[in-house]
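Worksheet: the structure to be examined is printed underneath.
One-based numbering, in listed order, for ligands and for the atoms of each.
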Amino acid sequence: MRVGLIGLGAMGEPMAHNLASTGLLYAVWNRTPEKAWVVAQELNVLQADSPSQLAEWCDVVITCVSADKDVLEVIWALIPGLGPGKIVVDTSTVSSATAITASKMLEDHGANFLDAPVSGGVEGAKNAMLAMMVGGDEDVLERARQVLEQVSARIVLMGPVGSGQGTKAVNQVMAAGINQAVTEALAFAHELNLPMDKVIDVISGGAAGNWFLEHRGPSMTHAQFNPGFKLELHHKDLTICKRMAEEKGLQLPLTEQTIKDYQVLMNEGFGQEDISALYRLKP
Ligand code: NAP
């Protein structure tokens with residue numbers, strides 16, 4: 001089976017490495033071609049000239065790009081190279097509506113689509129330990145499973161197309177709350193003049209321990225905010241979550257506060273930093 005990957009950013013590049021290490025990766029394409037050239041050389045795979053060329057070459061195409069419009073642009077560009085039996089797996093975080101639109105665009109060309117957003121951060125992508133929440137047909141997932149297992153430790157079919165992204169929206173709401181709680185608590189610890197590394201160490205081993213504290217606590221308290229997960233991307237995700245909640249007549253107060261806080265940070269030029277830069281706003 002030949003696999004192609006589109007979008008060699010913080011998440012896509014390590015996924016490409018893991019796919020290449022099992023010999024499944026055949027080709028890559030990236031909007032900025034210089035990045036694709038470097039990765040193709042390093043992994044000894046082909047660099048496609050266009051998404052459609054990559055689609056012609058490959059049985060499974062994995063996409064990992066930024067936002068809704070980017071996914072739809074890439075799907076549109078893939079179409080001339082797609083045909084019956086080919087599978088497109090989108091691992092970007094976008095709305096369920098975009099996933100459904102993408103699937104319909106591909107249906108007319110006989111190709112199959114899975115929305116398969118991931119959680120686990122750049123570390124999860126590097127270690128092939130991502131949790132993948134999938135929307136689509138079971139038989140399509142079974143055909144792609146061997147490929148997806150090279151980048152994920154946990155793959156769960158959530159329901160029809162769009163339900164992977166619905167589940168990821170739940171994940172992003174939770175991540176916002178955890179970010180608020182951890183940054184607020186660590187700022188409090190700082191004000192109490194506690195030894196920060198020890199605070200992170202001991203709390204990580206108890207009931208309040210969590211992934212974000214363990215992986216981002218040490219860096220944020222040393223004023224390092226390299227992504228990780230870019231704040232402006234989480235802002236994009238939370239805006240989707242807010243819209244989805246409004247459609248159901250729900251309010252998400254922590255999410256709304258986090259959107260406001262991220263906007264402040266983005267206005268100050270910190271949008272490319274990790275989401276743990278929220279610590280900058282804590283007293
Ligand atoms: P990133 O480092 O900013 O990379 C984005 C990638 O998308 C780049 O390769 C970029 O190409 C490409 N791209 C953007 N717009 C495009 C377009 N219109 N057409 C073609 N390619 C386009 O982002 P990332 O952190 O890898 O995140 C990618 C996706 O995964 C996002 O949806 C994000 O929400 C999700 N995600 C991220 C994390 C994380 O921890 N970082 C975790 C889970 C999920 P260029 O090189 O040309 O800019």
Side-chain angles (χ1 to χ4, degrees), residues 4-18 28-40 47-55 61-79 88-96 98-99 102 115-134 148 151-154 164-165 167-176 178-179 211-212 215-216 219 225-241 258 262 266 271-278:
L5 197 139
I6 288 185
L8 297 166
M11 296 297 281
E13 186 181 346
M15 285 191 213
H17 278 258
N18 288 325
V28 291
W29 181 84
N30 193 69
R31 179 179 59 180
T32 307
E34 293 76 16
K35 261 195 218 172
W37 189 84
V38 171
V39 173
Q47 176 185 6
D49 289 336
S50 64
S52 65
Q53 186 179 52
L54 186 108
V61 176
I62 298 180
T63 55
C64 188
V65 298
S66 305
D68 294 67
K69 77 166 185 29
D70 306 310
V71 169
L72 294 179
E73 272 175 35
V74 167
I75 297 285
W76 186 249
L78 282 169
I79 283 175
V88 178
V89 182
D90 181 40
T91 63
S92 322
T93 302
V94 294
S95 66
S96 301
T98 291
D115 53 309
V118 292
S119 175
V122 175
E123 293 86 345
K126 285 185 179 154
N127 302 329
M129 292 299 288
L130 294 168
M132 183 174 272
M133 27 215 115
V134 183
L148 304 181
V151 298
S152 323
R154 186 183 303 218
Q165 294 296 354
T167 311
K168 179 68 199 245
V170 173
N171 183 87
Q172 296 309 75
V173 167
M174 217 177 277
I178 291 167
N179 193 0
W211 185 97
F212 188 69
H215 288 83
R216 300 288 180 259
S219 47
F225 305 110
N226 300 333
F229 183 32
K230 284 180 202 154
L231 192 150
E232 63 183 21
L233 286 179
H234 199 201
H235 180 272
K236 171 261 301 180
D237 297 347
L238 295 178
T239 308
I240 295 171
C241 299
T258 309
Y262 285 169
M266 285 157 64
Q272 298 279 316
E273 290 191 343
D274 187 73
I275 62 168
S276 54
L278 184 63

Within reach of ligand 1, part of [X] (heavy-atom separation under 4.0 Å):
X      : answer
Ser119 : neither
Asn30  : side chain
Lys35  : side chain
Lys168 : side chain

Can you pull out the closest protein heavy atom to [atom]? Residue, atom name and distance to 0.1 Å, please.
atom                    : result
atom 37 (C) of ligand 1 : Met11 CG, 3.5 Å
atom 4 (O) of ligand 1  : Gly9 CA, 3.3 Å
atom 47 (O) of ligand 1 : Thr32 OG1, 2.5 Å
atom 19 (N) of ligand 1 : Val74 CG2, 3.8 Å
atom 14 (C) of ligand 1 : Ser66 OG, 3.3 Å
atom 40 (O) of ligand 1 : Phe229 CB, 3.3 Å
atom 18 (N) of ligand 1 : Asp70 OD1, 2.8 Å

Given [options], which has its nearest heavy atom closest to [atom]?
atom                    : options                       : answer
atom 41 (N) of ligand 1 : Ala10, Gly121, Gly228, Pro227 : Gly228
atom 21 (N) of ligand 1 : Ile6, Val65, Val28            : Val65
atom 10 (C) of ligand 1 : Glu34, Glu73, Arg31           : Arg31
atom 36 (N) of ligand 1 : Leu233, Thr93, Val71          : Thr93

Atom indices of ligand 1, in the order listed, that fall short of 4.0 Å to a heavy atom of [X]:
X      : result
Gly7   : 9 (O)
Cys64  : 6 (C), 7 (O), 28 (C), 29 (C), 30 (O)
Lys230 : 1 (P), 2 (O), 3 (O)
Val118 : 43 (C), 44 (C)
Ser92  : 32 (O)

Quick check: closest heavy atoms across [X] and [Y], and the distance to 0.1 Å?
X      : Y      : result
Pro51  : Val74  : CB-O, 4.5 Å
Cys241 : Ala169 : SG-O, 3.4 Å
Gly228 : Asp274 : CA-OD1, 3.1 Å
Leu231 : Ala277 : CD1-CB, 3.9 Å
Ala116 : Val89  : CB-CG1, 3.6 Å

>> Assess the residue pair Ser119 and Met133 against the criterion (side-chain contact (heavy atoms from CB on, under 4.5 Å)); give the C-alpha distance rounded to whole Å, side-chain angles, the decisive distance to 0.1 Å, and a yes or no.
In response: CA-CA 8 Å; Ser119 175; Met133 27 215 115; 3.7 Å; yes
> Out of curiosity, Arg216 CZ to Glu123 CD, how far, rounded to the nearest 0.5 Å?
Replying inline: 4.0 Å
> Side chains of Gln165 and Asp90: does their closest heavy-atom pair fall under 4.5 Å?
Replying inline: yes
> Are the side chains of Leu148 and Ile62 in touch, meaning some heavy atoms are under 4.5 Å apart?
Replying inline: yes
> Out of Val122, Val65, Thr91, which one pairs with Met11 under the side chain to side chain contact (heavy atoms under 4.5 Å, CB included) rule?
Replying inline: Val122
>> Could you walk me through whether Leu130 and Met15 satisfy the side-chain contact (heavy atoms from CB on, under 4.5 Å) test, starting with their C-alpha distance in whole Å, then the side-chain angles of each, then the deciding distance to 0.1 Å, before giving a yes or no?
In response: CA-CA 10 Å; Leu130 294 168; Met15 285 191 213; 4.1 Å; yes
>> For ligand 1 and Lys236, I'd like to know whether there is a polar contact (N/O to N/O, distance under 3.5 Å).
In response: yes
